[in-house]
Amino acid sequence: MTDFQSIFPDIRETGETPLRQAQLVMLRMLKIIDYICRKHDLRYWLCSGTLLGAVRHQGFIPWDDDLDICMLREDYNRFIQIAPLEFPTDIFLQTQETDPSYDYLPLPCKVRDKNSLIISEGMENQKYQQGLFIDIFPTDRYHTGGLSFAMEKCMKSYFRFITKCLDAKLGKDRSLKNKLISSFEPIFKYLTIIYKKMIQKHINKNLQLSNDECLIGHGMDTPWRRYFKYDEIFPLEDMKFEDAIVKVPHNANAYLTQLYGENYMTPPPMKDRIQKHALRLEPILKKKKEMIFGFY
């Protein structure tokens, strides 16, 4: 097994703030994921705010507390088989198969650090592993137009509706509407399971689409509706992210313009430069902190 502690040491305690400590945890996990993907010839790329951070800040957006990457479906399927065999003991691949308590179905895969804690609003009483994480989004091939693409968009819209209803539980204490919708959570979970089983044949069929007759978008088993031309993503390119070199889309400008508009290089107003995911953030768990500083 690779000695990742020697190659990519855990330096979270050097961070000046809890947020920076969390970023160092996620950066180490990203380096390990990148190492495994390059070793096994698996394609991945930074996406969403993580890609924006790479382009605009050459690393994390300073106030960001998450990290997102995408993988083509065939690489994603291989990754979830390979990664548990390669990861060091302090990193955990979280799926419904590896963590049966994990029930947030719109996000099928996370890579978790076992020696930290991050809790989002509405997740306070969950029983699954809640260490700092990297979200890994599978991406699928979609038709470029016509009836087939219209049907695919309808399927995604249906799934997006279901997941928004599932998300109502996260804010059920804030409004009567959310509380009412969340009371039907078992029904929406059942519909999600049925949808995911139904969509698998379509995912497999679209794997046969050639590169010049497909769009690449977030997986059909996720609610995000983003579609890119194949050559806007491939061939992937290297880019600096903090002190690492990682993979990004071939045309990062087109990618970011679709997500954030033409002015994506302009940071938001100061009032919007805030953490959005963590209700509770502990990059160094109390017991681990005591061990680090010699109390044990």
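Residues L24 and G15 approach most closely at CD1-N, 3.7 Å, considering heavy atoms. Taking both residues in full, the closest heavy atoms of P84 and L93 are given as CG-CD2, 3.7 Å, listed atom of the first, atom of the second, then distance. Closest approach of F149 and H143 over heavy atoms only: CD1-O, 3.2 Å. Residues L281 and P18 share a closest heavy-atom pair of CD2-O, 4.0 Å. In plain terms, the two heavy atoms of P108 and P138 that are nearest each other are CG-CD, 3.8 Å. In this structure, D68 and S48 approach most closely via the heavy-atom pair OD2-CB, 3.8 Å.
Atom CD of E16 sits in a sparse spot, with 12 or fewer heavy atoms from other residues, nucleotides or ligands closer than 6.0 Å. By the 6.0 Å contact criterion, CD1 on I274 is enclosed, its count of non-hydrogen atoms from other residues, nucleotides or ligands being greater than 12. The environment of NZ in K229 is sparse: at most 12 heavy-atom neighbours from other residues, nucleotides or ligands sit within 6.0 Å.
Side-chain contact between H202 and M151 is present, with at least one heavy-atom pair separated by less than 4.5 Å. Within the 4.5 Å cutoff, no side-chain heavy atoms of I216 are placed close to those of Y227. A heavy-atom distance below 4.5 Å is not found between the side chains of Y230 and L215. Proximity of N211 to F234: side-chain heavy atoms (C-beta onward) are nowhere separated by under 4.5 Å. Side-chain atoms of I203 and R73, non-hydrogen and from C-beta on, do get closer than 4.5 Å to each other. Side-chain contact between I181 and C165: present, with at least one pair of heavy atoms (C-beta onward) separated by less than 4.5 Å. Using a 4.5 Å heavy-atom cutoff, the side chains of L46 and F241 are in contact. Using a 4.5 Å cut-off on side-chain heavy atoms (C-beta onward), P62 and H57 make contact.
No salt bridge links E213 with R141; every basic N to acidic carboxylate O contact stays at or beyond 4.0 Å. Ion pairing between a basic and an acidic side chain is recognised when a charged N comes within 4.0 Å of a carboxylate O; K276 and D64 show no such pairing. Using a 4.0 Å cut-off between a side-chain N of Lys or Arg and a carboxylate O of Asp or Glu, R43 and E237 do not qualify as a salt bridge. The residues D103 and K189 are annotated as salt-bridged, a charged nitrogen and a carboxylate oxygen being separated by less than 4.0 angstrom.
Between F87 and F4, the gap from one ring centroid to the other reaches at least 6.0 Å. Aromatic ring centres of F137 and H218 lie closer together than 6.0 Å. Ring-centre distance between Y128 and Y104: not below the 6.0 Å cut-off. F159 and W224 have their aromatic ring centers separated by at least 6.0 angstrom.
Considering CG of L30 and CD1 of I134, their distance stands at 5.0 Å, rounded to 0.5 Å. We find the CZ-CG distance between R20 and L27 to be 7.0 Å, quoted to the nearest 0.5 Å. Summarising the geometry, atom CD1 belonging to I193 is positioned 11.0 Å from atom CD1 belonging to I162; distances are rounded to the nearest 0.5 Å. Rounding to the nearest 0.5 Å gives a distance of 9.0 Å between CG of L72 and CG of L207. The structure places OH of Y255 at 6.5 Å from CG of L259, a figure rounded to the nearest 0.5 Å. The CG atom of L209 lies 8.5 Å from the OG1 atom of T144; values are rounded to the nearest 0.5 Å.
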Criterion side chain to side chain contact (heavy atoms under 4.5 Å, CB included) on H250 and D231, from CA distance to verdict: CA-CA 7 Å; H250 178 68; D231 60 8; 5.7 Å; no
Step-by-step side chain to side chain contact (heavy atoms under 4.5 Å, CB included) determination, L67 to F60: CA-CA 8 Å; L67 198 156; F60 286 100; 3.7 Å; yes
Stepwise side chain to side chain contact (heavy atoms under 4.5 Å, CB included) check, Y142 with K156: CA-CA 11 Å; Y142 294 83; K156 289 282 286 188; 3.6 Å; yes
Criterion salt bridge (Lys or Arg N to Asp or Glu O under 4.0 Å) on E124 and R280, from CA distance to verdict: CA-CA 9 Å; E124 297 89 340; R280 179 180 172 191; over 6 Å; no
Check against side chain to side chain contact (heavy atoms under 4.5 Å, CB included), L52 and V55: CA-CA 5 Å; L52 177 60; V55 172; 5.6 Å; no
Full working for side-chain hydrogen bond (donor to acceptor under 3.5 Å, both in side chains) between T139 and R226: CA-CA 10 Å; T139 63; R226 303 166 179 172; over 6 Å; no
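M123 and L166 are not part of a single hydrophobic cluster, where members link through side-chain heavy atoms under 4.5 Å apart. Hydrophobic clustering (ILVMFWY, side-chain heavy atoms < 4.5 Å, transitive): I118 and I61 are in one cluster. Linking Ile, Leu, Val, Met, Phe, Trp and Tyr residues whenever their side-chain heavy atoms come within less than 4.5 Å leaves L107 and Y76 in two separate clusters. Both F188 and L180 belong to a single network of hydrophobic side chains, linked directly or stepwise wherever heavy atoms of I, L, V, M, F, W or Y lie under 4.5 Å apart. Under the 4.5 Å side-chain heavy-atom criterion for Ile, Leu, Val, Met, Phe, Trp and Tyr, W63 and L256 are members of the same hydrophobic cluster.
A cation-pi arrangement, defined by a distance under 6.0 Å to the six-membered ring centre and an angle within 45 degrees of its axis, is absent between K247 and Y44.
A side-chain donor-acceptor contact under 3.5 Å links Q94 and D99. Counted by atom type alone, Q81 and R78 present zero donor-acceptor pairs between their side chains at under 3.5 Å. Defined by atom type and a distance below 3.5 Å, a donor-acceptor pair is missing between the side-chain atoms of Y195 and D221.
The side-chain contact (heavy atoms from CB on, under 4.5 Å) test with C37 singles out one residue from D75, L42, I69, and that residue is L42. Residue R28 is tested with D10, D90, D113 for a side-chain hydrogen bond (donor to acceptor under 3.5 Å, both in side chains); the sole match is D90.
Checked by atom type and distance alone, the side chain of Y260 pairs as donor or acceptor with a backbone atom of G49 at under 3.5 Å. In this structure a side-chain-to-backbone donor-acceptor pair under 3.5 Å is missing from Q130 to L132.
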